[in-house]
Structures are given as structure tokens and as C-alpha cells.
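A single structure is presented below for examination.
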Amino acid sequence: MDLLNHLHAGNQPRKWNSSERRNNILKNLLLHSGTATSVQKLSDSYYVGKASIVNDLKYVEEWIAPYHLSLVKNKKGTQIAGREKDIREAITAVIHLDEVTLQNLLEIFQPEEIAFVEALLEDLKLDTSDIYYKNLLTHILICIQRVRSGRKVRTAQRETVFSAKAARQYKRAENISAKIKERYGINIGEDETFYIYQYISSLGTVDETPGWVGESDSKSDEVAAVLTEYMTDILDMEVRNEDMLLQGLMMHIRPLLNRLEYNIKIANPLLEEMQMSYPQMVGICQIVCGMICERYGLKEISLDEIANIATYYQTLMVKQTSLVNVLVVCHSGYGTSQLLSARLQQEFPNFNILDVIPSRKLSSFDLKQADLVISTVPVDAAAVPYLVVSSFLTNRDISAIRNNVYLLEQRVKINYGLLESLLPGGHITFGNWNGARERGRKICEAYLLPQCLAVVWKGRKDKTEVFLTIDRDNKMLRLDLLPGKAEEQKELFRELYRLSLEEVNLRTLIQCRSQEEVQKYLRQGVCKK
């Protein structure tokens, strides 16, 4: 009886929650663009009222707008309209709403198709867990599905296609096209072949890095060099003896410029984790990348790409951290204290654990030996920087420790003279910033923390300025920056990065009630325990 009930249950209609329903409607409208459906059909399919479907379609309309697509409603029904390239980009984004796995690919493509395309990509020597592999895999699967439905991309740049045919990557694209024709009997054509070539030449492969397809390969070398100069100056890091890391960055920048050239978007599964663990590094990298794009006339670099770039500089910072003497304090309990000590040594090889003691013995310990106290309970250790963490050392704890270790090394250098001097009367406002006048043309914006937004403007004059807005209602701090000359740019971003590493700075600034309080804090109170 249990078995029969289970079998009969398979005939029951699937129950969708509103989020699943909307995403499924979005996916089907994109995959079958050019074919109209009706509100009634959707209502019958998902067993909900027409009002719910109307709201779902509003969600779809808003979701596709950034891809330059529209929702057309007429007597024939409702369908998505727009350029084929934009539709495919949106389909890719739908697939990447969650991390690309075999399961969510199987919701759209046949198992045989996935296995066939995986076999095609074997000779590219990509790690199957690599984000570039997943993007190319989904691109070719979408290409097969769309061409089979009679929808192809169009490329007007015939000269570009002709010049690309001499490249080895184009030969690989032609080989893929030939095998698709042999397997499915469909000729994808020259435009689609060139589209696959664009993806292949934008891969971050290790064995063979395609060159810059624009002006010259020297452009990617220069962009990588200037980017690294900016970041290392801001972070006060040395790049000597870091050839392997810099080579990896160079091999990343070259295909990145190709992706910008071809408007190829990648989805980075590590984006959320990087933003959560190292928001300041991602934010400052976003600002510097905005400045680099402005300087070289490049298209905007996506946050997914920036998070990838930020990992290089975060790695560089971790490698260059010197020995730190750490005292571990726990409330009581040998097991949890030893677990915390072991986790710290695993995550921070440069830590010299002086001792692991219960909090009651802290007063008898000579704190002059310690650079940092890490405790699972609040302690009275005013003479030494200390952090309160979980016994299990969460990702947030690890990030906070890294930030504080960096600040320990920077402590003698830390001052906020530039920020203080650039925030005179009239440059500090209180309340919502939506009504503030524009400073010029916006270059980029970045969240250094959820409660700290920095916006960089292209000023009308080559002058460095900072405008600070404090919105206590929303507990937000916004800094509008006109960076000015190169050296002041770096110093300004250096101070901004250091300021954001300690959340106490931002919390205190948000509580300030006058411009005098802001300047006094910058002058006297910042980063002092």
C-alpha cells in the first residue's frame, strides 16, 4: 500500500513556491523566445490564479531589463523579444542563478547533449571545476539548443572574423562546429563559430594563454603592471620575489581583456564568499579597476571578475604577513581552547601561539610578550589589541583576524591626515544623500562594508576632494571621492582601506553629530583601543 501510494503521488501536480515558479517561467520564456504564451496557460500550468501570474510577469520584465530585453504582450500572447546575443546572455545568467551543477543543467538540456559537449572540451585541458570551463560548456549547450530552434547570432564584423581565422583558437572553434554538425546534422555557421572562438580566446587556461585580440599584447602587460602598482602601493606590499603570483595575474588579465572586448560575462561561484570574508579587499579592488578602466578606455569590469582579481592581492597579503605572537584566551574548558588554538595555527601559519590560558589567569600573564590576544570571551586587555571570536573560528572571525594582523603591521604608519584635511565645513552632511548634487561623472562605486559605500567621480578639475554623508537613520556612511592626482589618489584609497578594516571606525563615525566630531575622531580617535 505504501508503494502504491508513492506511485500515485507521482501523478500529482508539482507544488511550486513563488520563487521557483517565477524562475521557471523566466527560464521557459527565454528558452522559447519567439513563441508566445498566455496568462491563462501559465495559470493552468502552475495551478495559481491569474493575479499571481501577472505579478510573476512583472518580475520577469524587471529581471530581463538589464539585458536589453523586453516582454511583448499582444493578441498572440506574451513573449520575450530582443537580440539573440542578449537572450543567450540572459539564459546563461538564469543557469548561473545557482552554482552550475549537473543537476541544474539537466533541468534544461538532455544528458546526452551534456556528455557530448564535455567530450568536445576535453582537448582544451580545462579543470572541470573551473568557472571558465562551466561558462564555455553552458555557452555551447545554449548554442546547440538555439540553433536547433532556428535562432542564430549575427556578427557584422566580417573583417574581424576574417583576421581571427588564422588563430589556433579559431581552428579549435571550427573543429567544435564540425563535430556538432556531424552529431546533430545542424550547420551552426560562421557567426556561431566565431562566437565560440570568442569564448575560447577568453579562457583563463594555464597551458596556453591567448593574447590580447585588440591593439597589442603589450596592452595587457601594461594594464596588469599598473593595476599591481596601484594595489601594492595602497596596501603597502612588496612584489619582489612574487614572480609566480604575478605571472598568474598576468595570465588572468590577458583573457579578461578579451572577455571585455567580446562582452563575455562569467559567473564567479566564489563572489559571495569573497564579499563576505574580504569586503574591503573586493571594494578597494573594484575602485582601482574602475580607475584603470577610465585610464585605458576599457569597458566596465564586472564584480564577478573583480572578486577573482582580488584573490591575487589577498593571497599576496597573506604570504607577506610576518610572525605574530598570539595569546589565546578561553573562558574555561581544555577541549575548546585547544580546538581554537589548532584552528588558528591551521589558518595562520605565521602565528606563534604563546600560550592557551583561561580568562581568570590573564591578569598574571605578561602581555608585553603578545602582539595580539584572541579570546572567546570579552577580556580586559587594553594594553594589547584583542579580538573576541567563536571557539570554532568562523569565516567572519578569520577575516577579522587577517584585517587586524594587517593593521598591526601598519600601526606605525596609520594616520588619516588626507581625509581629515579634505573634510572641511560643507563637505560633511547628515541625512539621506539622494538629494546631493552630482560631483561630475561617476566612475565606479563599491561597498567596503555593507554600511560603507564609496563612490568615485570624474571631477571637472584635477582636484582631490572628499564628501562625507552620514545617514544615521539607515546607519550608512557614504564617501564621494574626486581622486585628483595619482599620488593623492593612492594615499586617499590607502586611508580609506585602513579606515574600513575596523568596523568600530564606521560605527563611531555614523554616531557623530557634527563635522567637528568627525574631524576630531579622524584626528584623535581612529584605531586607538
Side-chain angles (χ1 to χ4, degrees), residues 1-114 134-135 137-139 141-151 265 267-269 271-272 275-276 303-304:
M1 287 301 297
D2 284 344
L3 177 60
L4 286 172
N5 288 335
H6 179 72
L7 291 172
H8 287 308
N11 297 323
Q12 298 299 315
R14 175 176 173 178
K15 293 181 179 179
W16 305 80
N17 64 42
S18 59
S19 178
E20 290 174 334
R21 186 181 67 246
R22 287 178 174 182
N23 286 334
N24 203 58
I25 291 172
L26 169 65
K27 179 175 65 179
N28 283 315
L29 285 173
L30 284 167
L31 288 170
H32 304 101
S33 61
T35 302
T37 187
S38 68
V39 172
Q40 184 63 57
K41 283 181 183 178
L42 293 172
S43 176
D44 293 342
S45 298
Y46 294 97
Y47 300 93
V48 294
K50 290 183 180 180
S52 296
I53 297 298
V54 169
N55 287 329
D56 293 344
L57 292 175
K58 286 180 182 177
Y59 164 82
V60 169
E61 197 164 19
E62 291 174 3
W63 197 96
I64 64 176
Y67 298 93
H68 312 292
L69 302 174
S70 60
L71 202 61
V72 177
K73 305 168 189 174
N74 51 35
K75 293 180 179 179
K76 294 181 180 179
T78 301
Q79 59 184 305
I80 288 177
R83 294 192 318 160
E84 179 64 21
K85 264 194 169 186
D86 295 330
I87 291 171
R88 293 194 190 186
E89 186 179 332
I91 293 171
T92 302
V94 167
I95 294 172
H96 289 284
L97 282 174
D98 301 308
E99 184 181 351
V100 178
T101 62
L102 179 61
Q103 183 58 44
N104 62 25
L105 287 176
L106 284 169
E107 291 178 4
I108 298 177
F109 308 107
Q110 296 298 315
E112 179 273 332
E113 292 172 347
I114 298 171
K134 292 174 180 177
N135 276 271
L137 173 68
T138 54
H139 170 72
L141 285 168
I142 292 168
C143 168
I144 293 171
Q145 195 260 7
R146 298 295 290 180
V147 172
R148 187 187 284 149
S149 302
R151 298 178 179 89
K265 306 290 193 307
N268 184 354
L271 172 60
E272 187 175 344
Q275 285 183 298
M276 185 177 299
L303 199 54
D304 291 88

For Gln145, all residues meeting side-chain contact (heavy atoms from CB on, under 4.5 Å), sequence neighbours excluded = Leu31, Phe109
Residues in salt bridge (Lys or Arg N to Asp or Glu O under 4.0 Å) contact with Lys50, at least two apart in sequence or another chain = none
Looking at side-chain heavy atoms only, is the closest gap between His32 and Thr37 below 4.5 Å?
-> no
Sub-4.5 Å side-chain heavy-atom contact between Ile114 and Leu141 = yes
So how far is it from Asn23 CG to Trp63 CH2, rounded to the nearest 0.5 Å?
-> 8.5 Å
Mind checking side chain to side chain donor-acceptor pair (under 3.5 Å) for Glu272 and listing every partner two or more places apart, or none if nothing turns up?
-> none
Salt bridge (Lys or Arg N to Asp or Glu O under 4.0 Å): which pairs involve residues 21-49, sequence neighbours left out?
-> Arg21-Asp56, Arg22-Asp56, Lys27-Glu107
Criterion side chain to side chain contact (heavy atoms under 4.5 Å, CB included) against Leu26, the qualifying member of Leu57, Ile91, Val60 | Val60
Verify side chain to side chain contact (heavy atoms under 4.5 Å, CB included) between Ile53 and Val48, making sure each step is shown before the conclusion.
-> CA-CA 7 Å; Ile53 297 298; Val48 294; 3.7 Å; yes
Nearest-0.5 Å distance that lies between atom NZ in Lys134 and atom CD1 in Ile95 = 13.0 Å
Please identify each residue that fulfils side-chain contact (heavy atoms from CB on, under 4.5 Å) with Arg151, with sequence neighbours left out.
-> Ser33, Thr35, Glu84, Arg146, Ser149
Rounded distance [0.5 Å steps], NZ in Lys85 versus CD1 in Ile87 | 13.5 Å
Residues forming a salt bridge (Lys or Arg N to Asp or Glu O under 4.0 Å) with Glu112, sequence neighbours excluded | Arg183
Show your reasoning for whether side chain to side chain contact (heavy atoms under 4.5 Å, CB included) applies to Asn24 and Tyr46.
-> CA-CA 10 Å; Asn24 203 58; Tyr46 294 97; 2.8 Å; yes
At what distance, to the nearest 0.5 angstrom, does CD1 of Ile80 lie from CG of Asp86?
-> 11.5 Å
Between side-chain atoms of residues 64-78 and protein atoms elsewhere (two or more places apart, or another chain), which donor-acceptor pairs fall under 3.5 Å?
unit_1	atom_1	unit_2	atom_2	d
Asn74	OD1	Lys76	N	3.0
Asn74	OD1	Gly77	N	3.4

